[in-house]
Amino acid sequence: MARTLQQPSHRRRNKIPAVLATATALALAGTGLALSAGGANAAVGNLVNNGGFDSGLSGWNCVGTAGTVSTPVHSGTGALSATPGAGDTAECTQTVSVLPNTAYSLNGWVQGQYVYLGARGTGGTDPSTWSAQSAWNQLNTTFTTGASTTSVTLYIHGWYGQPTYYADDIQLIGPGGTATPTPSASATSASPSASASPTKSASPSASASPSQSASPSASASSSPSPSSSATTTPPNTGLPKHVLTGYWQNFDNGSTVQKLRDVQSAYDIIAVSFADATTTQGAISFTLDPALATKLGGYTDADFKADIAAKHAAGKKVVLSIGGQNGAISVASSAAATAFSDSAYKLIQQYGFDGIDVDLENGVNSTYMSQALHTLQAKVGSGFILTMAPETIGMYSTAGAYFQLALATKDILTVVNTQFYNSGGMNGCDGKVYTQGTIDFITAQVCTHIQGGLRPDQVGIGVPASTKAAGGGYVNSTVVNNALDCLATGNHCGSFVPPAKWPTIRGAMTWSTNWDANNGNDFSNNVGAFAHAMQ
C-alpha cells in the first residue's frame, strides 16, 4: 500500500577494512558459532574472489543480463548490475572452498527490489537474506558447514521481472578450505532453489536478527505445510461468510477524499491507514491527518469516533492498519511486542477499532509479532479482528517470514488479503510462472496459500481499485469475480484450475476505498455484490 511517494536515500558507506573482517570472523566463537579445530588454525578472512566487482565479473558466473557499473557503487570502482527477466532472476554465483564443521559469516551491500544473498550446499541449513530498498543496505547471515562439506556456492540474485538490482562488497568471512573450486552456474538460477531462504528483518541492516526462512520455489510453494491443521476453527467475529475489505486513506494523495462515514456500504471490513511508529520500539500511535481533516471541512476526532460507531451499527468492522509502504514499525523483541500490544489496545479502546491489520512492507519478525498479536487478542477478546495484507513475495513460501506469521497466528487470524499486484510474474502452486494482472496469477497464488496451511476462509484476494492505485497488476471487477467463482466452484477459471474447490474462500480486498470512489465505485458495487451473493 502506498501512502506517499518516497524519495530514496543515497547515503554511502565505506568498505569494511580487511582487518575488521578478520576480527569479525574470529569473534564468531563468542556468539555460539565456534570455529572447528581445523578452522581455528586456517587463515581467516574474506574468501570471495572479486567480491567488490572492481574486476568486472571475474570469479562470478552469471545467468541473464548482468555486468558491472562504475555508479552506483558502495565502494571501490565497480558494482554488480543485473536485470532479471521474465524467466530468470539474473543470478550470479561463486563456489568457494570451505572447511567442514566450521562457522562462516556472509554479508554484502545491495540495492534494488527483492535482492537475495545466500549460500547453497552448506551441508546444514542453507542461509539466505533479502531486502527491497532503493538505497545501499547491508545483508548479513551466517551458517555452519556440515561434517563433509568442502565447498559452498554463494549466490546473489533479484526477482522475476523486477528492475535492475545492484550488489557490491560481498564477503564470506571464515577459514578457507584446501580445495580450489571454480565458479559454477547454479542449475536453478532461473528459479531460486528451495535452499535459498528469503528473510525480511525488521531492520534491513539485519541488526534485528531476522529469522531464517526457505526461499520462493515451486516445490516449497506447492508442498502443504506440516502446520496445516484441519481442526482449527474460525473465531467468532460476527462477519458474514464472504467479506469485502477496503483501506480508508488517512491522507490525501490525489484520490477522492472521504470521511469514514462516506466509505461505501459494501465494505464489511474497513482498514484505517495507517498507524504511526513512536520513539518507543514497537509502540504505535494514531492521529487524524490535519491536512485531510481540513480538506474535509474540519474532520475531528469526535467525528471520526462517531463514524466508527455508525459503521458498527451497520454491522461493519473497522481495524487499524499498521505499516504501509513507508511504515517503520518494528516488533523484534519481547519488549517491543509488549509495547505494541499495550499501545494498540489503548487505541482500540480510544477509538473503538475492532482489531489490527498487518501491512508491514519493510520487514516482519514472525516470532515477536505473533507474540504481540496474541497478547492483544487476549486483551480484546474473541471478537478481535486480525487481517493482513502482505506483498505477494511475503506469501510465496511457507518458510517466508510473513507466511510464518500467518501460520503462527492462524488461531486468531481473520483473513490474509495478499497484494496480488506490483509483483511481476511468479510461480503458482503448480510450479508454472503466471503474469500479474491475470486470473491465473490470482488463483494460482491463492492455491499456494491454502496448500501452505491456511484455511480457505482465511484467504482473500487483494487487488488495486483502479489503474491509478498501483504500479501494475490491476484487474477489472469481472476478473476478480471470476477468480472468486473459480476458487469456490471451479467455474470461470483461466488456464489454471485449482486442485480443489474452496467454497469458503473469504472474499476480496482493495486498495483503496478512496481509489474505488475515484473509479466510480466499480469494485465495491460489482465485487461486493458478487461476494455477498456467494453461497
Side-chain angles (χ1 to χ4, degrees), residues 1-5 242-274 289 292 295-296 311 316-321 323-327 357 359 361 387-392 415-423 435-439 441-443 445-446 459-485 487 505-534:
M1 312 294 179
R3 185 197 303 239
T4 56
L5 292 177
H242 304 289
V243 299
L244 205 68
T245 302
Y247 284 78
W248 174 79
Q249 298 176 188
N250 181 36
F251 52 89
D252 176 18
N253 64 350
S255 184
T256 301
V257 294
Q258 296 177 315
K259 295 179 180 179
L260 196 71
R261 73 189 72 159
D262 299 326
V263 170
Q264 300 87 328
S265 61
Y267 289 102
D268 304 288
I269 301 176
I270 303 165
V272 172
S273 315
F274 296 96
D289 180 63
L292 175 65
K295 191 160 188 176
L296 290 171
K311 287 296 181 182
K316 313 301 181 181
K317 304 295 182 180
V318 183
V319 297
L320 178 60
S321 183
Q325 175 182 288
N326 298 345
D357 171 74
D359 180 24
E361 300 181 12
T387 64
M388 298 183 186
E391 295 172 290
T392 314
V415 62
V416 175
N417 294 300
T418 301
Q419 299 176 37
F420 293 135
Y421 50 94
N422 291 343
S423 59
T435 304
Q436 69 172 4
T438 64
I439 186 175
F441 182 88
I442 294 170
T443 54
Q445 292 300 315
V446 167
V459 181
I461 294 170
V463 294
S466 73
T467 56
K468 299 177 182 178
Y474 170 75
V475 293
N476 64 41
S477 55
T478 300
V479 174
V480 179
N481 293 345
N482 286 344
L484 287 171
D485 197 28
L487 293 163
I505 193 74
R506 200 60 198 250
M509 170 276 283
T510 197
W511 176 263
S512 59
T513 65
N514 306 77
W515 285 115
D516 184 23
N518 187 263
N519 196 38
N521 297 321
D522 175 70
F523 183 87
S524 53
N525 285 344
N526 297 318
V527 180
F530 184 87
H532 294 148
M534 292 174 67

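Note that the structure is a prediction, hence the values are computed from the model and not measured.
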Passing option when Val480 is tested against Val463, Thr510, Ile439 for side chain to side chain contact (heavy atoms under 4.5 Å, CB included):
Val463

Does Trp248 form a side chain to side chain contact (heavy atoms under 4.5 Å, CB included) with Leu260? I'd like the steps, not just the answer.
CA-CA 7 Å; Trp248 174 79; Leu260 196 71; 3.8 Å; yes

Which residue in the set Asp516, Thr245, Thr513 passes side chain to side chain donor-acceptor pair (under 3.5 Å) when paired with Tyr267?
Asp516

Does any part of the side chain of Gln249, heavy atoms only, come nearer than 4.5 Å to the side chain of Val272, both counted from C-beta?
no

Is a side-chain N or O of Thr418 found less than 3.5 angstrom from the main chain of Phe420, in a donor-acceptor match?
no

Test item: Tyr421 and Pro464 side chains (from C-beta on) under 4.5 Å apart, heavy atoms
yes

Indicate whether any N or O donor in one side chain lies under 3.5 Å from an N or O acceptor in the other, for Tyr247 and Asp357.
yes

How about Phe523 and Trp515: do any of their side-chain heavy atoms sit closer than 4.5 Å?
no

With distance as the sole test, does Asn417 use its side chain to make a donor-acceptor pair with the main-chain N or O of Gly462 at under 3.5 Å?
no

What is the minimum heavy-atom distance between Leu292 and Phe251, and which atoms define it?
CD2-N, 3.6 Å

For Val318, does its backbone N or O pair with a side-chain atom of Lys311 as donor and acceptor, under 3.5 Å?
no

Full working for side chain to side chain contact (heavy atoms under 4.5 Å, CB included) between Val459 and Val416:
CA-CA 5 Å; Val459 181; Val416 175; 5.7 Å; no

Out of curiosity, Gln258 CD to Asn514 CG, how far, rounded to the nearest 0.5 Å?
4.5 Å

Side chain of His242, backbone of Ala533: donor and acceptor closer than 3.5 Å?
no

Quick one, Leu487 with Ile461, criterion side chain to side chain contact (heavy atoms under 4.5 Å, CB included). Give me CA distance, side-chain angles, the key distance, then yes/no.
CA-CA 11 Å; Leu487 293 163; Ile461 294 170; 4.1 Å; yes

So do Ile269 and Thr387 actually touch side chain to side chain, heavy atoms under 4.5 Å?
yes

Any side-chain to backbone donor/acceptor pair from Asn250 onto Ser273? Under 3.5 Å, distance only.
no

Rounded to the nearest 0.5 Å, what separation is found between the CD1 atom of Ile505 and the CE atom of Met534?
7.5 Å

Look only at the side chain of Asp268 and the backbone of Lys316, and say whether a donor-acceptor pair between them is shorter than 3.5 Å.
no

Report the distance from atom CG of Asn519 to atom OG1 of Thr256, rounding to the nearest 0.5 Å.
9.5 Å

Measure the spacing between CG of Asp522 and OG1 of Thr478 and express it to the nearest 0.5 Å.
7.5 Å

Determine, stepwise, if the pair Ser423 / Phe441 fulfils side chain to side chain contact (heavy atoms under 4.5 Å, CB included).
CA-CA 10 Å; Ser423 59; Phe441 182 88; 3.2 Å; yes

Just by distance, no angles: are the side chains of Asp359 and Gln419 close enough, under 3.5 Å, to form a donor-acceptor pair?
yes

Shortest non-hydrogen contact between Val415 and Gly460, atoms and distance:
CG2-N, 3.7 Å

Heavy-atom distance under 4.5 Å between the side chains of Val243 and Arg506, does that happen here?
yes

